[in-house]
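Notes to accompany the following structure.
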Amino acid sequence: MSLLDKLDAVAAARKALLPEGIDVFGTPIEEVYSSTEARIGDRRILFLGTNNYLGLTFAPECLAAAHSAIDNEGTGTTGSRMANGSYSGHRALEREFADFYHCHSCIVFTTGYQANLATISGLAGVDDVVLIDGDSHASIYDGCRLSGAEIIRFRHNDMVDLEKRLRRLGDRSRSTLIIVEGIYSMLGDRAPLADIVKLKDAYGSTLLLDEAHSLGVLGKTGQGLVEETGLIDKVDFITGTFSKSLGGIGGYCVSNHAQLDQLRYVSRPYIFTASPTPATIASTRAALKLLHDGIELRQQLWKNVHQLYSRLDDLGYQLGPEPSPVIAIILDAPRQALMLWKGLLDHGIYVNLVLPPATPDGRSLVRCSVSAVHTSEQMDQVGSAFAELREIIFE
Amino acid sequence: MASDYTDVLQKLCHHLKQFCEPDAQITPQTDLIHQLAIDSVKLLNLVMEIEDEFDISVPLNALADVQTVHELANLIHQIKSAQQ
């Protein structure tokens, strides 16, 4: 098969799965009105498929900070942190993230994807093992591949399986990096962190926790699962993203291990990328303050989560195992998922469609992301749409 | 050693049958992707079952080189032997 034939095969597979004329994986959004509303085609729609958990993308403080940074520092840094892009804003944000987690140090990256790529490939090498949850995000898989370490996958959130694999490693468990997520992006469930910490201590391994979907969502000050469980001192490295609760783009890694700073010299995704723009850094710094103080936002977010999760549960939809800002509706066939996705769009609601092979166990998902700035009426509107579509989907 | 490999192959074929069409012919030379339509998701699920059966962990990196039933059986056999 030639180079281009392979891409034709991808196009054929996509065509077989999705009908012509529906651009599920690139829906054109013509205008954005607010954190929760936009125009698709000629229709005003409700965003229920973004990861804007705290609704900060239009926060006046973030907008003002970004405008001011553009005026004062320009549109871009035009280079990497090592060469010519380590501005005072980058360094200040690193200090602020370290303070936020009460940690020794922090590195800021250009995207959340790169935060995992850089951290994992910088920590693990060819003689090491990475032990990852089966439902891990692609950035974790790709970081592991880039590291050259031996990659072993354990069953999602299955502590018996994790323990078995640590036992099989023998002495190698001491050069093993275990990687889990605060909230998993597909089904919205949390990692059983207390049990994972017990195992990593028992086998002398190192633990990396990705808080991409739990930052701003869990814990009194929004640190994530580490705060909710009180286990921050037991986790070796925490990564996360600016592109969800912080409403920007970028990523970070914090740690109490002094060695974290050495990643700046060995991590290719850090070294060979232009640093985040001044506007991105400025809006993220403003957003981090709002996130830290955002107890009321988190309360409203969870109120919305429980309202929608219980409504969908009452309607008989099969959902992810626990209420969370990621609410996954699990469907047996891609056809059903596509019908539900399209039906919701026709009702003015934009959600995410996730089809195999990107899904756990080859099932299909319609994924909703709830925001603190959704109103109770909007959650009602969503519930009513799901009620109407239920008969059509399962007839 | 040879009989160990035969045992692995036999058990692997037994597991494989649950992942492909009932009338599929499985030989050591059978191509997992093209002849048995074992896609990446099915392969990972199959590997999980095999890992339980043989009490081993199969690194994902090693699966990149596996195309045929024989190559998968050989990989399992090698990991199992190294562990003993």
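- Judged purely by atom type and a 3.5 angstrom limit, N61(B) uses its side chain to pair as donor or acceptor with the backbone of A149(A).
- The closest side-chain heavy-atom distance from D52(B) to R155(A) is below 4.5 Å.
- Comparing L60(B), D55(B), V58(B) by heavy-atom pairs within less than 4.5 Å of chain A, the highest count is held by D55(B).
- Looking at L44(B), both its backbone and its side chain come within 4.5 Å of chain A, counting heavy atoms on both sides.
- Near-neighbour residues of residues 183-194 of chain A relative to chain B, defined by a heavy atom under 4.5 Å from a heavy atom of that chain, are none.
- Contacts of residues 114-144 of chain A with chain B at a heavy-atom distance below 4.5 Å involve Y141(A), listed in sequence order.
- How far CD of E51(B) is from CZ of R153(A): 8.5 Å, rounded to the nearest 0.5 Å.
- Ranking D39(B), V47(B), I56(B) against chain A, the residue ahead of the rest is I56(B), based on heavy-atom pairs under 4.5 Å.
- By the ring pair (Phe, Tyr, Trp, His ring centres under 6.0 Å) test, Y113(A) is found to be paired with no residue, residues two or more places apart in sequence or in another chain being considered.
- Applying a 4.5 Å heavy-atom cutoff, the residues of residues 164-173 of chain A that approach chain B are K164(A), R165(A), R167(A), R168(A).
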